[in-house]
There are 4 protein chains.
Amino acid sequence: MRIGVLTSGGDCPGLNAVIRSVVHRAVVDHGDEVIGFHDGWKGLLECDYRKLDLEAVGGILARGGTILGSSRVQPAHLVGGVERARGHVADLGLDAIIPIGGEGTLKAANLLSEAGLPIVGVPKTIDNDIASTDVTFGFDTAVTVATEALDRLKTTAESHQRVLVVEVMGRHTGWIALHSGMAAGAHAVVVPERPFDIDELTTRVGERFEAGKRFAIVVVAEGAKPREGSMDFKTAGTDIYGHERFTGIANQLSVELERRLGKEARPVILGHVQRGGTPTAYDRVLATRFGWHAVEAAHRGEFGMLTALRGTEITMVPLARAVESLKTVPADRYAEAECVI
Amino acid sequence: MRIGVLTSGGDCPGLNAVIRSVVHRAVVDHGDEVIGFHDGWKGLLECDYRKLDLEAVGGILARGGTILGSSRVQPAHLVGGVERARGHVADLGLDAIIPIGGEGTLKAANLLSEAGLPIVGVPKTIDNDIASTDVTFGFDTAVTVATEALDRLKTTAESHQRVLVVEVMGRHTGWIALHSGMAAGAHAVVVPERPFDIDELTTRVGERFEAGKRFAIVVVAEGAKPREGSMDFKTAGTDIYGHERFTGIANQLSVELERRLGKEARPVILGHVQRGGTPTAYDRVLATRFGWHAVEAAHRGEFGMLTALRGTEITMVPLARAVESLKTVPADRYAEAECVI
Amino acid sequence: MRIGVLTSGGDCPGLNAVIRSVVHRAVVDHGDEVIGFHDGWKGLLECDYRKLDLEAVGGILARGGTILGSSRVQPAHLVGGVERARGHVADLGLDAIIPIGGEGTLKAANLLSEAGLPIVGVPKTIDNDIASTDVTFGFDTAVTVATEALDRLKTTAESHQRVLVVEVMGRHTGWIALHSGMAAGAHAVVVPERPFDIDELTTRVGERFEAGKRFAIVVVAEGAKPREGSMDFKTAGTDIYGHERFTGIANQLSVELERRLGKEARPVILGHVQRGGTPTAYDRVLATRFGWHAVEAAHRGEFGMLTALRGTEITMVPLARAVESLKTVPADRYAEAECVI
Amino acid sequence: MRIGVLTSGGDCPGLNAVIRSVVHRAVVDHGDEVIGFHDGWKGLLECDYRKLDLEAVGGILARGGTILGSSRVQPAHLVGGVERARGHVADLGLDAIIPIGGEGTLKAANLLSEAGLPIVGVPKTIDNDIASTDVTFGFDTAVTVATEALDRLKTTAESHQRVLVVEVMGRHTGWIALHSGMAAGAHAVVVPERPFDIDELTTRVGERFEAGKRFAIVVVAEGAKPREGSMDFKTAGTDIYGHERFTGIANQLSVELERRLGKEARPVILGHVQRGGTPTAYDRVLATRFGWHAVEAAHRGEFGMLTALRGTEITMVPLARAVESLKTVPADRYAEAECVI
């Protein structure tokens with residue numbers, strides 16, 4: 001068999017582990033040939049690739065990033081993108097393509113699959129918001145990095161007698177905020193799924209100080225928003241150069257909490273550290289299993305499918321279903337966490 | 001409601017997170033009273049306990065060990081143990097008991113439950129071998145610690161051109177060996193579920209050197225054994241004081257591999273570092289959820305049950321079922337890992 | 001002897017290790033009595049303290065923050081502050097006071113010392129800018145945290161083909177920027193000691209891209225500034241609420257680099273994570289030695305002095321000298337680092 | 001200039017950082033050519049090397065091990081070794097050789113230097129026992145790894161109510177034991193410099209239990225020995241195959257303490273994890289500085305010298321002096337640590 005693999009979209013710990021696993025399983029066990037396209041779909045569209053043998057994937061299991069590079073180019077963005085992809089697949093004699101990517105990538109994968117290309121997708125997002133799998137690799141690393149930061153910030157918040165408003169990743173869903181907030185014992189967690197009431201949040205943090213505590217940690221997902229009318233909120237501001245820029249929720253929330261509580265409040269924006277670097281053991285195992293099962297699905301001719309974790313098993317689910325909806329944090333998880341506002 | 005909680009058996013990262021969660025949910029949300037028995041079942045049998053309020057569990061979420069202490073005493077070990085426990089439960093007016101422990105503890109819990117005591121169990125083992133739950137807390141921390149050690153050992157093995165035989169925990173099952181071996185890219189993994197053939201292992205490691213590699217990492221679970229007749233193996237040896245002592249598999253395996261391969265081979269026994277210290281974010285979240293759901297089960301009157309993770313949900317399963325059998329590594333996981341001998 | 005100890009100023013990993021060491025040495029070895037003032041000088045001025053015995057310092061060695069609390073109150077800020085301090089020292093029968101703090105605290109300590117109080121200072125700053133000691137505890141932890149973040153950011157910068165401008169602590173000196181930049185292999189380091197030329201910085205980063213590299217990491221100390229006239233620079237901007245706020249150098253630098261290079265550039269501001277949480281082994285050892293030697297100095301009657309590291313030895317230096325000047329990064333360290341602009 | 005570099009002896013975190021730094025300084029700043037000999041002196045003696053350019057050292061700063069390989073071969077071991085080395089240096093037109101290694105390597109370097117070869121040495125040992133430098137790279141990483149293990153072991157020792165005897169590296173000196181013991185708050189530290197009295201050690205640990213504590217941590221350097229006559233001690237035992245093997249001090253000490261105290265005591269042998277893997281930020285900075293200064297010394301024609309840290313400065317010291325004596329832990333450091341027996 002001849003298999004093409006590519007990584008598309010933002011950085012995510014575990015990408016290299018998937019690539020390595022695909023090569024190990026396909027080349028060593030099945031005697032396949034594997035090529036890697038450079039910079040995601042761009043490589044497929046421009047026929048830019050290299051051969052991947054055991055040597056090529058030596059020592060990459062624990063390394064962050066992707067040896068293949070990535071980009072945000074999607075086939076549908078380009079005139080004739082699907083046709084071009086089909087042509088290159090035919091020219092290269094590929095029997096299967098394994099794209100590793102997030103929501104946008106999987107939609108593109110589904111498009112190509114519907115156009116008849118032999119696709120087996122591997123889901124990738126640190127946000128954990130893909131509905132058809134229990135967990136995506138990269139999520140555990142993001143939560144781990146955020147939790148380690150929160151552990152450190154607690155002693156500083158306490159020493160300085162402050163409220164710290166810590167912004168973690170999550171544009172549409174609050175999974176990272178929820179898990180890191182639970183793991184670090186945050187005093188309030190604000191998620192995109194449930195627009196927050198600033199009065200309620202102020203009360204909750206205020207009660208902590210009234211009870212004699214000297215600090216509070218509020219974890220907020222970057223995509224969180226106040227309930228309509230609850231507080232003044234600018235989704236975009238003007239930066240020092242007069243450019244329109246997204247003005248982070250943590251900045252606004254800390255200003256507002258400081259004003260209302262009369263306590264120093266400071267924002268901390270964890271940013272890109274959550275999505276780079278060496279993956280946790282959990283993510284390496286999950287990524288490795290996804291890669292292995294993607295090769296197996298290709299050999300069984302199960303195309304138009306996506307690898308997914310269900311309980312402790314890796315199963316295959318239709319790509320079409322995977323891109324239908326986002327996996328948001330269900331309401332009963334708020335109750336459990338006891339800190340979601 | 002009045003709830004008693006206790007921790008029993010060996011150390012396991014996440015015990016304090018369960019205790020804290022039980023207290024938070026019960027005291028803050030339900031207005032319950034919670035007491036903690038000291039040193040496991042011993043505390044219940046000797047009526048040795050203290051009150052647990054919010055103050056008592058402050059700052060323990062990320063701390064290893066257990067603030068309640070532990071012991072290996074089981075009620076059935078003592079004459080009249082069950083009766084004594086029943087008496088103390090009555091005297092203290094307890095409506096529920098939440099024991100947190102491993103296989104032995106859960107068997108004791110089942111015994112007490114069958115004797116009519118109101119028990120909700122929480123499973124605990126770094127070995128991940130309890131059948132009724134997808135994962136137990138403590139396991140992720142153990143795998144993480146083992147993987148970090150393996151990451152470090154790789155460069156040393158390479159610099160010294162050696163075989164390193166790394167012994168990880170797992171008396172009856174190979175979960176820690178399998179996951180840490182996969183996460184660190186070990187070249188062979190030896191598990192208790194499948195007695196190994198020393199010739200096969202030697203061949204596998206030898207092929208690596210023939211292919212020009214300069215080192216190999218073999219991960220072996222402490223409970224692993226050679227296939228009958230495959231090699232001389234002493235389950236117990238005599239130490240320097242003439243005492244009979246368990247002689248580690250890593251020691252014997254490294255001597256044997258060195259002899260057969262003509263390459264330096266050294267044992268490394270990770271030991272207790274795998275079961276202590278601060279839990280990973282994953283384990284803190286899982287432990288917190290177990291604690292929360294144990295309290296909920298108690299309030300619903302669901303006794304004789306155990307908290308369990310199934311997929312992403314926490315469910316309750318009968319204690320009786322939980323203690324029936326061990327969860328061993330299934331054969332299809334060996335294939336996936338590609339390194340299990 | 002009766003000794004009072006206090007911690008003053010911002011959070012710094014190792015404070016608890018000093019407190020513990022003072023208590024161990026004084027109480028166990030000398031049979032002294034130790035009291036700890038709450039919230040820095042405030043505790044001394046308001047006579048708010050508690051007794052510190054072995055029990056009180058159990059388990060704090062590895063913990064971030066300070067069990068005594070801290071504040072930014074300095075004796076000279078208060079009318080009659082020095083007199084009040086003197087009165088309380090007399091009332092409490094203190095033979096020595098050990099204040100642990102940064103530049104401001106040491107100035108206050110010097111003031112009190114000149115007023116005749118028996119002071120032995122312990123220097124504390126993550127910035128490493130106290131001239132009389134080779135290193136201060138907290139610095140190694142800050143550098144370690146920044147380096148771990150930089151390690152992670154590298155793979156993301158590469159995957160996203162971006163310039164990342166990473167702001168680390170250091171208002172007046174570039175020690176953290178220099179060491180973390182060297183440790184992580186940053187491509188440019190910008191320090192407060194040497195105002196940077198934006199053209200030079202742009203050229204340096206640009207050359208990297210011309211050489212075919214796909215990303216660059218610029219580490220910038222928070223107090224860094226452009227050479228006069230080199231680029232438009234606002235030391236304060238207006239936030240979304242119209243408040244004057246310090247506008248971070250990383251924000252401005254990334255906007256400017258993006259404009260000049262035509263490459264995506266993004267700021268990452270590490271912030272408070274650098275100054276909280278568990279200290280590194282290095283900092284725990286240094287802090288422990290400082291505490292031990294402070295007690296010894298008190299017993300020898302060496303007051304008006306400060307503990308200091310010189311090579312591998314702990315020595316005592318006059319407080320007066322310690323507060324004269326800041327230890328800036330010397331020019332020959334720029335050359336060595338090869339990445340300082 | 002044409003420079004040869006090699007790494008010799010056991011693994012040590014920071015080797016790659018030195019190699020990278022030599023190449024960066026020599027190639028980029030001086031326009032030199034750099035070659036790297038494979039497997040230490042063996043590469044020089046067999047003229048086995050490769051060119052090292054910027055590409056060759058890309059991404060190795062944070063990686064453990066050495067890209068050049070290592071061996072324990074020393075020139076004096078081979079008939080005509082010095083002459084052979086001299087011949088290859090002439091043939092290759094080398095103006096300088098930078099060997100990076102420990103005591104044995106530096107002795108060989110001194111020998112070659114006395115024979116007229118242009119040598120600039122870089123000291124390397126995790127043991128920190130080279131007299132002419134305040135610190136060697138690799139030491140901080142070893143101490144950090146040991147301290148993290150000790151932090152984890154404390155909670156387990158406490159939960160299991162045991163004495164843990166933790167063996168760390170250090171054949172001749174107790175630096176790692178001292179620093180990790182201080183950093184982790186060990187209850188006793190046993191070093192090779194001071195043969196221990198088993199009665200004294202038993203008393204010390206016993207007093208802890210009498211004072212109501214439930215566990216104790218004893219850190220012991222691998223080279224530690226009991227005072228003559230103090231206890232039965234076998235420096236070599238017979239393993240299960242009848243081979244003479246070094247029998248670890250931790251094993252014997254734990255058996256002895258268990259017998260004397262009537263408390264469970266268990267050995268933990270940290271082993272190779274202390275000497276491999278990614279270096280700490282501290283070690284990366286020190287290694288980078290050593291590499292830079294070695295190149296500078298070569299350009300100044302300062303041969304027969306060794307890079308050394310003195311305070312915060314890198315200085316050059318004569319190789320001959322460096323190999324005269326071992327840097328042992330001085331007695332006043334025992335007092336400070338308060339835990340050395």
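Atoms considered below: every heavy atom in the structure, side chains included; atoms not considered: hydrogens, waters and symmetry mates. Predicted, not measured: the structure shown is a model, and the values here were computed from it.
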Asker: D:A183 and C:L61: which non-hydrogen atoms are nearest, and at how many Å?
Answerer: O-CD2, 3.3 Å
Asker: Checking heavy atoms, do the side chain of D:T312, its backbone, both or neither come under 4.5 Å from chain C?
Answerer: both
Asker: So how far is it from D:K213 NZ to C:L54 CG, rounded to the nearest 0.5 Å?
Answerer: 7.5 Å
Asker: Check D:D151 against C:R284 and note the closest heavy-atom contact, atom names and distance.
Answerer: OD2-NH2, 2.9 Å
Asker: Please look at D:D283 and chain C and tell me whether the side chain, the backbone, both or neither of the residue comes under 4.5 angstrom of a heavy atom of that chain.
Answerer: neither
Asker: Which answer fits D:D134, side chain, backbone, both or neither, if we ask what part of it has an atom under 4.5 Å from a heavy atom of chain C?
Answerer: both
Asker: For D:E296, is it the side chain, the backbone, both, or neither that has a heavy atom closer than 4.5 Å to a heavy atom of chain C?
Answerer: neither
Asker: Who among D:G58, D:A337, D:G291, D:A335 has the most heavy-atom pairs with chain C under 4.5 Å?
Answerer: D:A335
Asker: With chain C as the partner, which of D:P279, D:P330, D:A184 has the greatest number of non-hydrogen pairs under 4.5 Å?
Answerer: D:A184
Asker: Checking heavy atoms, do the side chain of D:A146, its backbone, both or neither come under 4.5 Å from chain C?
Answerer: neither
Asker: With a 4.5 angstrom heavy-atom cut-off, which part of D:R333 approaches chain C: side chain, backbone, both or neither?
Answerer: side chain
Asker: Do C:E336 and D:H293 have side-chain heavy atoms sitting under 4.5 Å apart?
Answerer: yes
Asker: Is it the backbone or the side chain of C:R20 that comes under 4.5 Å from a heavy atom of chain D, or both, or neither?
Answerer: side chain
Asker: Could you report the tightest heavy-atom contact between D:V285 and C:H179, atom names first, then the distance?
Answerer: CG2-O, 3.5 Å
Asker: Between chain D and each of C:K154, C:E313, C:H24, count heavy-atom pairs under 4.5 Å; write down the option with the most.
Answerer: C:H24
